[in-house]
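Input: a single structure, listed below in structure tokens.
Computation of the quantities below employed the complete heavy-atom set of this structure, encompassing side-chain atoms and omitting hydrogens, waters and symmetry-equivalent molecules. Sequence positions, counted from 1, serve as the residue numbers for this chain.
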Amino acid sequence: MKKLLSLLAFPLLLTGCAATNTTETPGEYSLESAQLSGPVKSVTTAGFLAGADSAGRVVRGAALPEGSRQVYSETGMLDESVSLHSGECAARFVYAYGRDNRIAEILRYGADGKMAVKMTFEWNAGHTEKICSIYDADGELTGRRVSVYDTEGHLLTETDYAADGAETGSLAQRWGNGRMIERALRQDSALISRIQNIRYDGDHMVAYDDYTEEQFPTGFFIAYDKFGHITKVEEEYDDGTRMLVREMEYTYDTHGNWTEQTVYTGPEREPDRILVRTIEYR
């Protein structure tokens, strides 16, 4: 369950997507939620270490073993997602939907092709509560996640439970005017991290403070490009100075989908890695 809880963590902001709010919509696993435009059929992502040539230009280095592939249906919903390791399937996830394209079931298969995990999703009549039950390959319940939403679909709380019903972690979010204004993550009842004092520029989150009970507030500032992807994350210190945490540059295709992302890290803006997406259209 702790691995499941990691899905709630905050580095969403550093992935290159404008993930400003967490909501539950019928298109939760859609092309739109993945910020993909056009009649996308599949997306294959590969990673490389970033290096520099003799002229100082950033170039692809050694290939990273991790990769992924997502396949979408003609209606724009995610059909399957494959985790790749050195080009081979390490795990495969298959998605099934119910009414209004709300997620109903996710099956996880291992590298041997055998089903390893089954997740089923049940909704209440008003779609304000979702219960995810997790089963192992033998059909034994291993845990549950209970998600509670407001009537507009904004996620309020998400709580993880072990098979015996003991709580193992939780996420709580506060909203104002349709925007998230605070987010707190707990594991085994201990506060792990909290994001608050979130500020926006239009639809984009531009700044927030992230702290735990044992840390002073730390400010983060975020910049976006015209496509809504994060291009820069900076950390602010007590004296008002800022340090670059991560910066991303993108290459886009004619549909407005990025096909290459170069990531720089640290105050020296050192090239870190390059992600390449091969997008197949219908």
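- At a threshold of 4.0 Å, the pair R144-E167 does not count as salt-bridged, since none of the basic side-chain nitrogens sits closer than that to a carboxylate oxygen.
- The main-chain N or O of H204 is never found under 3.5 Å from a side-chain atom of D201 such that the two would form a donor-acceptor pair.
- Aromatic rings from H127 and Y149 are positioned such that their centres are separated by 6.0 Å or more.
- In this structure, Y224 has its ring center no closer than 6.0 Å to that of H229.
- Across I103, L107, I134, a single residue satisfies side chain to side chain contact (heavy atoms under 4.5 Å, CB included) together with M119, and that is I134.
- Checking N257 against Y281 by side-chain atom types alone, a donor-acceptor pair falls below 3.5 Å.
- For the residue pair Y200/N177, the side-chain donor-acceptor check at 3.5 Å is not satisfied.
- Relative to the ring axis of Y264, R246 does not place its NZ or CZ within 45° and under 6.0 Å from the centre.
- No hydrogens or angles considered: a donor-acceptor pair under 3.5 Å links the side chains of E158 and S147.
- Side-chain polar atoms of T265 and E270 form no donor-acceptor pair below 3.5 angstrom.
- Between the OG atom of S73 and the CG atom of L31 there is a distance of 7.5 Å, given to the nearest 0.5 Å.
- For the pair R242 and E235, the salt-bridge criterion is not met [side-chain N within less than 4.0 Å of a carboxylate O].
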